[in-house]
*Asks:* 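One structure follows; several queries about it will come next.
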There are 2 protein chains.
Amino acid sequence: MSARTPDTARDIPEATVARLPVYLRALIVLADAGTATCSSEELAAAAGVNSAKLRKDLSYLGSYGTRGVGYDVEYLRYQIAREIGVTQDWPVVIVGIGNLGHALANYSGFRSRGFRVVALLDADPARHEEVVAGLDVRSFDDLEGIVEEHDVSIGVIATPAVAAQDVADRMVAAGITSVLNFAPIVLSVPEGVDVRKVDLSIELQILAYHEQRKAVTARAEDAS
Amino acid sequence: MSARTPDTARDIPEATVARLPVYLRALIVLADAGTATCSSEELAAAAGVNSAKLRKDLSYLGSYGTRGVGYDVEYLRYQIAREIGVTQDWPVVIVGIGNLGHALANYSGFRSRGFRVVALLDADPARHEEVVAGLDVRSFDDLEGIVEEHDVSIGVIATPAVAAQDVADRMVAAGITSVLNFAPIVLSVPEGVDVRKVDLSIELQILAYHEQRKAVTARAEDAS
DNA sequence: CTCGTTTTGTTCTCGCGTTCACAAACTCCT
DNA sequence: AGGAGTTTGTGAACGCGAGAACAAAACGAG
Ligand SMILES: NC(=O)c1ccc[n+]([C@@H]2O[C@H](COP(=O)([O-])OP(=O)(O)OC[C@H]3O[C@@H](n4cnc5c(N)ncnc54)[C@H](O)[C@@H]3O)[C@@H](O)[C@H]2O)c1
Ligand SMILES: NC(=O)c1ccc[n+]([C@@H]2O[C@H](COP(=O)([O-])OP(=O)(O)OC[C@H]3O[C@@H](n4cnc5c(N)ncnc54)[C@H](O)[C@@H]3O)[C@@H](O)[C@H]2O)c1
């Protein structure tokens with residue numbers, strides 16, 4: 001059992017995993033600009049991080065650089081893409097084709113970054129007339145069939161908050177094991193299912209907090 | 001100078017700041033359900049965190065609970081809202097009224113959470129005919145006037161990546177000091193300006209990484 | 001071949017955030 | 001009033017991640 005884990009399964013710190021996509025993006029920009037090689041300093045600047053942190057992050061993947069030279073842009077790009085798992089496309093379903101769902105369905109960036117939207121689902125029959133980004137909006141009841149047919153493991157929830165937990169439950173029951181949730185609610189899912197949330201109001205509120213502090217401290221300095 | 005900082009300006013850890021909006025949301029749900037009082041255990045469950053963490057987080061704000069009883073829902077709700085700075089509305093401008101900009105403009109949740117969209121700006125003159133969510137889409141050149149008129153300090157960027165840095169520069173020059181960026185690019189801004197980014201592709205890629213690992217480890221277990 | 005230069009990979013230290021555990025404080029019941 | 005039961009607020013231990021600093025490796029010049 002615990003003799004040795006296979007070399008594909010060394011575990012990368014979560015903080016590093018979150019930055020790998022940023023490095024990947026920066027490498028694609030460099031590759032498109034025709035750069036063949038880059039130093040950790042250059043890549044770190046492009047990714048907006050400290051170069052020591054970048055090197056440490058990359059060292060978890062393996063030893064893909066050359067001392068005195070730097071990194072081969074194309075080679076490193078492939079290695080990171082492979083590590084993240086975006087060398088092939090992941091099929092994705094989007095549930096809730098309202099304001100946000102439309103925007104997501106129309107977004108071309110997913111395709112170029114390793115994802116393929118295979119279905120758009122909505123509970124409202126009035127939506128089923130629609131075609132968005134070349135895909136029919138289908139009934140939410142088609143979920144199970146679509147998940148099985150396309151072997152979908154990633155689902156996106158863009159429904160109102162009240163519906164989100166139900167949608168998540170149905171997704172999990174259908175076999176989806178990764179969820180990206182836009183509804184402002186804490187989802188509860190069984191062990192083994194990953195949930196990431198994107199809450200735009202929270203982002204704004206964090207900005208508001210710092211903004212308020214700027215105002216307070218500015219006033220305090222004026223008074224002195 | 002450094003005798004003592006005023007009691008409004010104690011500094012709250014960044015990790016705590018990011019969770020306060022979640023607690024606030026949970027408290028609003030509890031208040032709407034008619035709950036007058038709650039324990040740290042209940043509130044923590046509603047917010048999806050550990051109760052010890054919740055108590056420690058709240059302790060940075062002050063001592064707003066009652067031992068043996070719990071927290072007064074309405075009171076704590078107000079205190080958190082005050083600490084975050086969302087007891088009054090913050091004016092916000094959105095730049096880039098494409099797919100995503102439309103969704104954001106139409107989102108009613110911002111209003112109820114302390115934000116008021118005061119203007120929608122786009123560089124494309126073809127967009128200026130439009131009215132979205134009751135607001136005219138205006139020229140990007142109106143930015144400076146709007147920022148001054150409404151005293152805007154928070155800007156949202158929903159333009160393509162190539163335009164994002166230019167937009168950010170113009171925003172900063174106009175006096176905006178907090179930016180929420182949806183474009184997949186690292187923005188560089190002067191000291192004193194806060195930037196938060198939301199990158200949906202990165203979120204999906206993080207899910208993909210873990211999904212891939214699940215597949216790998218499952219295969220490894222099968223083989224044993 | 002050797003030396004100086006460049007840049008990676010890694011070790012070490014420090015600080016932050018999480019979690020445990022418990023004393024202090026409050027309520028309620030007798 | 002006093003004791004039993006609850007629940008907060010916080011001190012202390014621990015683990016992870018950030019950054020500095022440096023040794024090892026590659027390269028090029030002479
Ligand atoms: N629009 C934004 O910019 C924005 C910003 C932040 C958060 N959000 C959140 O994202 C979610 C979607 O926002 P929106 O503005 O697109 O809302 P919306 O009302 O425009 O769209 C929601 C869609 O979900 C569908 N739906 C409802 N119940 C469903 C169910 N049980 N199964 C399947 N589909 C169902 C509806 O028919 C509708 O088409 C909400 O939770 C919202 O809070 C949106
Ligand atoms: N649509 C999505 O779901 C989605 C998802 C993830 C990321 N994003 C990112 O969000 C951004 C917007 O996406 P979108 O799908 O809405 O794109 P879009 O092309 O539909 O809209 C972009 C809008 O910005 C305007 N614009 C361009 N240059 C401008 C400038 N200099 N000043 C002001 N306005 C300008 C355009 O006229 C257009 O209306 C992109 O950076 C995209 O990568 C979008």
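We use all heavy atoms of the structure for the numbers below, so side chains are in, but hydrogens, waters and symmetry mates are not. In the text below, chain A, chain B and the rest are named by the order of the sequence lines, each starting its count at 1.
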*Asks:* CD/B:Q79 to CG/B:L76 distance, rounded to the nearest 0.5 angstrom?
*Replies:*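 Separation between the atoms: 7.5 Å.
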
*Asks:* With heavy-atom distances below 4.5 Å as the criterion, would you say the side chains of B:S51 and B:S40 are in contact?
*Replies:*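 When only atoms from C-beta onward are counted, B:S40 and B:S51 do touch, with a gap below 4.5 Å.
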
*Asks:* I'd like to know if A:R67 reaches the base of C:dT8 with its side chain, counting only an N/O donor and acceptor under 3.5 Å.
*Replies:* yes

*Asks:* Between P on D:dG19 and CZ on A:R19, what's the gap in Å once rounded to a whole number?
*Replies:*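 Atom CZ in A:R19 sits about 9 Å away from atom P in D:dG19.
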
*Asks:* Any side-chain N or O of A:S40 under 4.0 Å from OP1/OP2 of C:dT8?
*Replies:* yes

*Asks:* Rounded to whole angstroms, how far apart are NZ on B:K56 and P on D:dA12?
*Replies:* 11 Å

*Asks:* What nucleic acid atoms does A:E14 come within less than 4.0 Å of, heavy atoms only: base, sugar-phosphate, or nothing?
*Replies:* sugar-phosphate

*Asks:* Establish, with yes or no, whether the OP1 or OP2 oxygen of D:dG9 is under 4.0 angstrom from a side-chain nitrogen or oxygen of B:Y71.
*Replies:*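 Checking B:Y71 against D:dG9: at least one side-chain N or O falls below 4.0 Å of OP1 or OP2.
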
*Asks:* Please check if atom OH in B:Y78 has more than 12 non-hydrogen atoms from other residues, nucleotides or ligands closer than 6.0 Å.
*Replies:*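 Count not over threshold, so no.
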
*Asks:* Return the 5'-most residue of the pair B:S63, A:N50 with respect to DNA chain D, ranking by each residue's nearest nucleotide.
*Replies:*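 Per heavy-atom nearest nucleotide, the more 5' residue is B:S63.
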
*Asks:* Nearest whole angstrom, please: distance from the C1' of D:dG19 to the CZ of A:R55.
*Replies:*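 Atom CZ in A:R55 sits about 10 Å away from atom C1' in D:dG19.
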
*Asks:* As an exercise, state the distance from CD1 of A:I206 to CZ of B:R196, rounded to the nearest 0.5 Å.
*Replies:*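 Reported to 0.5 Å precision, the distance equals 3.5 Å.
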
*Asks:* Rounding to an integer number of Å, can you tell me how far B:L20 CG sits from C:dG17 P?
*Replies:* 13 Å

*Asks:* Just checking A:R111: does its CZ atom have more than 12 heavy atoms from other residues, nucleotides or ligands closer to it than 6.0 angstrom?
*Replies:* no

*Asks:* Which whole-number value in Å describes the distance from B:K53 NZ to C:dA21 C1'?
*Replies:*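 Taking NZ of B:K53 and C1' of C:dA21, I get 17 Å after rounding.
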
*Asks:* Return the 5'-most residue of the pair A:P13, A:A52 with respect to DNA chain D, ranking by each residue's nearest nucleotide.
*Replies:* A:P13

*Asks:* Mind calculating the distance between CG (B:L61) and C1' (D:dT8) to the nearest angstrom?
*Replies:* 14 Å

*Asks:* In whole angstrom, what separates B:Y60's OH from D:dG11's P?
*Replies:* 11 Å

*Asks:* Measure CD1/A:I12 against C1'/D:dC16 and give the value in whole Å, please.
*Replies:*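 Those two atoms, CD1 and C1', are 16 Å apart.
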
*Asks:* Regarding B:Y64, tell me which of base, sugar-phosphate or nothing describes its non-hydrogen contacts under 4.0 Å with the strands shown.
*Replies:*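 Answer is sugar-phosphate: B:Y64 comes under 4.0 Å of backbone atoms only.
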
